K.L.:
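Mind looking over this structure? Questions follow.
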Amino acid sequence: MRFFSSITFSLILLAGVAHSDGHLTDVSFGTNWFAQAEHGGFYQSVADGTYAECGLNVTILPGGPQVNNRALMMAGEIQFHMGGDLLQAFNSVREGIPVVSVAAIFQKHPQVILAHPGKASSFEDLKNLELLIGDNGFFSFYQWMKAEYGFTDEQRQPYTFNPAPFLADMNKGMQGYLSSEPYVVEKEGGFVPEVFLIADAGYSTYATTIETLAATIAESPEVVQCFVDGSIKGWYNYLYNDRSEADKLIIQDNPQMTPDKIAYAIEKMLENGIVDSGDALTMGIGALTDEKVSDFYNKMVSSGVIEDDIDSTQAYNTSFVNNKVGMDLK
């Protein structure tokens, strides 16, 4: 009973965005990890008042290994959550969980494979190396790598999120996050690794989605639209304009996220088109299309990652994006 009563209570709180007395509607957004530059657009719209302009007082709740903000949203405790990729969304449909992706901030997944300089000049060349891949990666993107490119189980070794084995062996490759492992390798290994973005090799999922409950969409679409539009504008301002106040908030929430790490992450996001590429170039940041979701779904079915028994259209809603919002801020 608590699940349904919490959702009902949450929707009552969300009834109406702007109030005649100027009061703002309180909403919470849970991220999926510690505060970092990859969350910058959301912090930007808190810092510069963009959310407030359309009637929302947004609180950002950082995630982490001991935090399950998605569960809090499903229980009605918070209104929005930062999703991972489309596999997570597909699994929600399979499990009958009423969570819907309403925007895709990252048009490309930031997952990368690293190699030592001179050991690989293309994604296909990685087949000549032993690859350090974690369990989650092995059961998701690595299955696609096997099906699409011919990688093998034998060349995969477990990755424990310790770069030491990679640094010690030039014949090893290693999975990583675009703004994390390459930075660590440069600092600890003293060299710039070869970096291959799996999105550029065809792994076509979105990432860093905005999720909310189907009930919130039905009962408070104006709140969803305000949050989505505010987030999109925040990302344009964070990437292309003055982000200093947002960075202060990020460091306040996560003191380990130093200015040099933030600068490195932003450089890599821009250089690789993580946020602003593909459909986002014509439809605006946050773009979400039937074609891209269908393409990734079919790839995951063909790779054996999921069974072809999911109505993928239930995993997302395009009503709140693709409207060129914020493009004038670029």
Side-chain angles (χ1 to χ4, degrees), residues 32-34 36-38 63-65 84-85 87-88 106 108-208 254 256-258 260-274 296 299-300 303-305:
N32 55 15
W33 200 245
F34 302 118
Q36 54 190 279
E38 289 83 351
D85 60 24
L87 281 177
Q88 188 179 46
F106 285 7
K108 294 182 179 181
H109 199 299
Q111 185 72 56
V112 297
I113 308 294
L114 280 65
H116 284 258
K119 287 295 181 178
S121 59
S122 67
F123 193 79
E124 291 89 340
D125 288 347
L126 294 170
K127 289 188 291 185
N128 300 320
L129 305 175
E130 293 182 338
L131 298 181
L132 298 168
I133 306 291
D135 287 345
N136 286 340
F138 178 72
F139 291 110
S140 56
F141 65 83
Y142 196 72
Q143 298 305 308
W144 167 80
M145 288 169 61
K146 288 165 53 182
E148 188 73 16
Y149 286 95
F151 289 83
T152 66
D153 289 340
E154 291 72 24
Q155 73 180 112
R156 178 257 178 172
Q157 295 181 4
Y159 176 48
T160 60
F161 298 90
N162 175 5
F166 169 76
L167 294 174
D169 189 345
M170 294 184 64
N171 292 312
K172 280 187 168 61
M174 179 179 71
Q175 76 167 67
Y177 196 75
L178 178 64
S179 60
S180 180
E181 278 82 354
Y183 180 85
V184 171
V185 168
E186 287 189 33
K187 294 298 182 181
E188 296 185 7
F191 64 89
V192 177
E194 302 286 353
V195 179
F196 300 94
L197 194 69
I198 65 173
D200 288 343
Y203 193 72
S204 54
T205 184
Y206 295 114
T208 307
N254 181 12
Q256 294 184 359
M257 191 49 57
T258 56
D260 60 315
K261 292 180 180 178
I262 290 175
Y264 181 89
I266 293 171
E267 176 189 350
K268 295 305 177 183
M269 284 192 288
L270 288 170
E271 179 183 310
N272 291 274
I274 298 300
F296 183 68
K299 287 176 179 176
M300 293 303 97
S303 302
V305 177

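Remember, predicted model here, so these are calculated numbers, not experimental data. Just so you know, residue 1 is the first one in the sequence shown, and it goes up from there. Any value given below was found using the heavy atoms of this structure, including those in side chains, with hydrogens, waters and symmetry copies removed.
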K.L.:
Could you check whether any side-chain N or O of E267 sits under 3.5 Å from a backbone N or O of A263, counting only pairs where one atom can act as donor and the other as acceptor?
P.N.:
no
K.L.:
To the nearest 0.5 Å, what is the distance between OG1 (T160) and CG (L132)?
P.N.:
8.0 Å
K.L.:
Looking at every heavy atom in both F196 and A115, which two are closest together, and how far apart are they?
P.N.:
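So the minimum-distance heavy-atom pair works out to CE1-CB, 4.4 Å.
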K.L.:
If the plane angle is over 60° it's perpendicular, under 30° parallel, otherwise tilted; pick one for F191 and F166.
P.N.:
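Correct class here is tilted.
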K.L.:
Taking the side chain as every heavy atom from C-beta outward, state whether K187 and Y264 have any atom pair closer than 4.5 Å.
P.N.:
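When only atoms from C-beta onward are counted, Y264 and K187 do not touch, as no gap falls below 4.5 Å.
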K.L.:
Could you go step by step and tell me if D260 and T258 meet the side-chain hydrogen bond (donor to acceptor under 3.5 Å, both in side chains) rule?
P.N.:
CA-CA 6 Å; D260 60 315; T258 56; 2.4 Å; yes
K.L.:
Would you say the side chain of K299 lies within less than 4.5 Å of the side chain of W144, judging by non-hydrogen atoms?
P.N.:
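The answer is yes; the side chains approach within 4.5 Å.
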K.L.:
Considering only heavy atoms from C-beta outward, does the side chain of I198 approach that of F123 to under 4.5 Å?
P.N.:
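Side chain of I198 against side chain of F123, heavy atoms only: contact under 4.5 Å found.
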K.L.:
Do S140 and Y203 have side-chain heavy atoms sitting under 4.5 Å apart?
P.N.:
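In contact.
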K.L.:
Do you know the tightest heavy-atom contact between G118 and E194?
P.N.:
N-OE2, 3.6 Å
K.L.:
Please round to the nearest 0.5 Å and tell me the distance separating atom NZ of K127 and atom OG of S122.
P.N.:
8.5 Å
K.L.:
So do Q175 and V112 actually touch side chain to side chain, heavy atoms under 4.5 Å?
P.N.:
no
K.L.:
Tell me whether the count of non-hydrogen atoms from other residues, nucleotides or ligands lying under 6.0 Å of CD in Q256 goes above 12.
P.N.:
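No.
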K.L.:
Mind checking the CG-NZ spacing from L167 to K172? Nearest 0.5 Å is all I need.
P.N.:
11.5 Å
K.L.:
Salt bridge or not between D135 and R156? Use side-chain N to carboxylate O under 4.0 Å.
P.N.:
yes
K.L.:
So do the side chains of P163 and E188 get within less than 4.5 Å of each other, counting heavy atoms only?
P.N.:
yes
K.L.:
Other residues, nucleotides and ligands only: do more than 12 of their heavy atoms fall within 6.0 Å of CG on N136?
P.N.:
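Open: at most 12 neighbouring heavy atoms sit under 6.0 Å from CG of N136.
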K.L.:
For A265 and E38, which heavy atoms make the closest approach, and how far apart are they?
P.N.:
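Nearest heavy atoms, A265 then E38: CB-OE2, 3.8 Å.
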K.L.:
I need the L114 CG to L178 CG distance, nearest 0.5 Å.
P.N.:
9.5 Å
K.L.:
Kindly indicate whether the side chain of K261, heavy atoms from C-beta on, has any atom under 4.5 Å from the side chain of S180.
P.N.:
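The answer is no; the side chains never approach within 4.5 Å.
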K.L.:
Does the ring centre of F151 sit less than 6.0 Å away from the ring centre of F138?
P.N.:
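Judged by ring-centre distance (under 6.0 Å), F138 and F151 do not meet the cut-off.
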K.L.:
Which heavy atom of A37 sits nearest to which heavy atom of I266, and what is that distance?
P.N.:
CB-CG1, 4.2 Å
K.L.:
Kindly say whether T152 contributes a backbone atom to a donor-acceptor pair with the side chain of Y142 at under 3.5 angstrom?
P.N.:
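Looks like yes, one N/O pair under 3.5 Å.
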K.L.:
Could you check whether Q157 and E130, counting side-chain N and O atoms only, form a donor-acceptor pair closer than 3.5 Å?
P.N.:
yes
K.L.:
Any donor-acceptor pair under 3.5 Å linking the side chain of Q143 with the backbone of F139?
P.N.:
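Looks like no, no N/O pair under 3.5 Å.
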K.L.:
Answer whether the closest heavy-atom distance between the side chains of M174 and L131 falls below 4.5 Å.
P.N.:
no
K.L.:
Counting only N and O atoms by type, is there a donor-acceptor contact under 3.5 Å from the side chain of D125 to the main-chain atoms of S121?
P.N.:
yes
K.L.:
Check whether any side-chain N or O of N272 sits under 3.5 Å from a backbone N or O of I274 as a donor-acceptor pair, and report yes or no.
P.N.:
no
K.L.:
Output yes when a side-chain donor or acceptor of K146 lies under 3.5 Å from a complementary backbone atom of D153, and no otherwise.
P.N.:
no
K.L.:
Less than 6.0 angstrom separating the ring centers of Y206 and F106, yes or no?
P.N.:
no
K.L.:
Starting at CD of Q155, measure out to CG of N128 and round the result to the nearest 0.5 Å.
P.N.:
8.5 Å
